[in-house]
Amino acid sequence: MTQSLRLERYTRTAVVLHWLIAILILGNLILALVSANSAGPLHRTALDLHKSVGFSVLLLSLVRLAWRLYRPPPPMREGKAWERAAAEIVHVAFYFLMVLIPVLGWVVSSGAKTRHAINVLGWHAPFLPVMSGKQFTGPFMDTHRLLGFTMAALLILHIGAALKHRFLDKDGVLGRMSLWPRRSQIEQDAV
């Protein structure tokens with residue numbers, strides 16, 4: 001437990017971006033399922049929201065990457081080599097997917113025969129100059145869907161690891177990304 005007091009926290013900006021993006025991704029996975037399993041107005045509404053939320057994830061992820069370059073994360077805690085390697089791989093995969101999945105969705109939307117705008121808080125994302133039709137967009141959609149399932153699996157793994165740190169290891173790692181730090185952690189918090 002003494003190690004948890006020495007662990008540095010992520011900056012407030014990184015923490016807020018983490019949780020905002022996490023909530024949007026979870027919500028967007030649900031919207032994708034609703035859209036894929038519905039028809040008519042519900043399908044169209046869920047799909048339009050899915051595209052808007054996805055584009056928001058893309059924009060926020062680029063901000064998060066820029067912030068991470070500007071303010072690198074605190075060092076990882078000491079631990080088993082395989083756990084540290086797994087954490088690094090999962091984090092790199094998250095960043096990769098948080099950018100690639102929305103870009104693939106943007107390509108599919110831009111290449112649809114009937115285009116529907118991607119509306120983000122009243123701003124319409126431009127369509128990409130791509131070919132239209134399922135022959136072009138099909139492989140992009142298949143990859144978008146497959147990577148969406150990959151994201152869901154990584155989220156389960158990530159949440160499971162966070163719960164392991166909280167309830168089994170009791171090592172304070174989860175507190176590094178907490179929106180509401182304990183009083184002892186507030187002194188360590190920056191920006």
Side-chain angles (χ1 to χ4, degrees), residues 7-36 45-77 84 86-109 117-126 128 140-141 143-166 172-181 185 188-191:
L7 288 176
E8 290 181 53
R9 285 184 40 79
Y10 284 81
T11 64
R12 251 180 242 171
T13 301
V15 170
V16 168
L17 285 169
H18 170 89
W19 287 107
L20 182 57
I21 292 168
I23 291 166
L24 289 174
I25 288 172
L26 285 171
N28 221 22
L29 289 169
I30 293 167
L31 286 168
L33 291 172
V34 170
S35 174
T45 300
L47 184 58
D48 287 346
L49 281 171
H50 174 74
K51 294 189 315 182
S52 296
V53 170
F55 203 85
S56 299
V57 167
L58 172 61
L59 296 175
L60 288 169
S61 296
L62 294 174
V63 169
R64 179 137 187 238
L65 279 168
W67 184 257
R68 189 177 176 99
L69 291 173
Y70 174 68
R71 295 291 300 267
M76 254 191 235
R77 73 173 185 87
R84 292 169 58 93
E88 189 65 33
I89 290 167
V90 168
H91 281 98
V92 169
F94 268 135
Y95 281 107
F96 179 73
L97 294 174
M98 289 184 320
V99 172
L100 184 58
I101 292 172
V103 168
L104 289 170
W106 192 9
V107 169
V108 171
S109 290
I118 301 173
N119 182 354
V120 180
L121 300 175
W123 175 76
H124 293 271
L128 298 172
F140 289 96
M141 186 63 219
T143 306
H144 177 78
R145 188 179 295 116
L146 174 66
L147 293 179
F149 285 117
T150 304
M151 174 67 84
L154 283 177
L155 281 171
I156 292 167
L157 181 66
H158 186 65
I159 292 167
L163 293 173
K164 174 194 171 286
H165 281 291
R166 172 69 175 97
V173 167
L174 190 59
R176 292 168 26 124
M177 194 53 83
S178 173
L179 283 168
W180 298 279
Q185 294 172 326
Q188 300 174 19
D189 209 1
V191 182

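Just so it is clear, the structure is predicted and the values come from calculations on it, not from any experiment. Sequence positions, counted from 1, serve as the residue numbers for this chain.
For the pair M98 and I21, the minimum side-chain heavy-atom distance is below 4.5 Å. For the pair I25 and V57, the minimum side-chain heavy-atom distance is below 4.5 Å.
Looking at every heavy atom in both residues, P102 comes nearest to G54 through CB-O, 3.4 Å. Residues L58 and V99 approach most closely at CD1-O, 3.8 Å, considering heavy atoms.
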Report task. Evaluate the side chain to side chain contact (heavy atoms under 4.5 Å, CB included) criterion for residues F94 and L155: first the C-alpha distance (whole Å), next the side-chain angles of each, then the deciding distance (0.1 Å), finally the verdict. Result -> CA-CA 9 Å; F94 268 135; L155 281 171; 3.9 Å; yes

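At least one donor-acceptor pair under 3.5 Å links the side chain of R9 to the backbone N or O of G175. In this structure a side-chain-to-backbone donor-acceptor pair under 3.5 Å is missing from W106 to K51. Not one N or O on the side chain of S35 forms a donor-acceptor pair closer than 3.5 Å with the backbone of A46. Side-chain atoms of R84 come within 3.5 Å of backbone atoms of R77 as a donor-acceptor pair (strictly under, hydrogens ignored).
Shown here is Y95, whose OH atom has more than 12 heavy atoms of other residues, nucleotides or ligands within 6.0 Å.
Taking the six-membered ring for Trp and the full ring otherwise, Y10 and W67 have centroids separated by 6.0 Å or more.
Within the structure, no pair that satisfies the side-chain hydrogen bond (donor to acceptor under 3.5 Å, both in side chains) test touches residues 96-105, not counting sequence neighbours. For residues 15-33, the side-chain hydrogen bond (donor to acceptor under 3.5 Å, both in side chains) pairs, not counting sequence neighbours, are N28-H50.
Atom CD1 of residue I118 and atom OG of residue S56 lie 10.0 Å apart, to the nearest 0.5 angstrom. To the nearest 0.5 angstrom, D48 atom CG is 9.0 Å from S109 atom OG. Here CG of L24 is found 11.0 Å from CG of L29. Values are rounded to the nearest 0.5 Å. The CH2 atom of W123 lies 10.5 Å from the OG atom of S52; values are rounded to the nearest 0.5 Å. Distance check: H165 NE2 to M177 CE gives 12.5 Å after rounding to the nearest 0.5 Å.
Put simply, the residue from L69, L20, L17 that forms a side chain to side chain contact (heavy atoms under 4.5 Å, CB included) with R64 is L17.
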Report, one line per pair, each donor and acceptor closer than 3.5 Å where one atom sits in a side chain of residues 144-152; sequence neighbours left out.
residue: H144; atom: ND1; partner: I101; partner atom: O; Å: 2.9
residue: H144; atom: ND1; partner: G105; partner atom: N; Å: 3.4
residue: T150; atom: OG1; partner: L146; partner atom: O; Å: 3.0

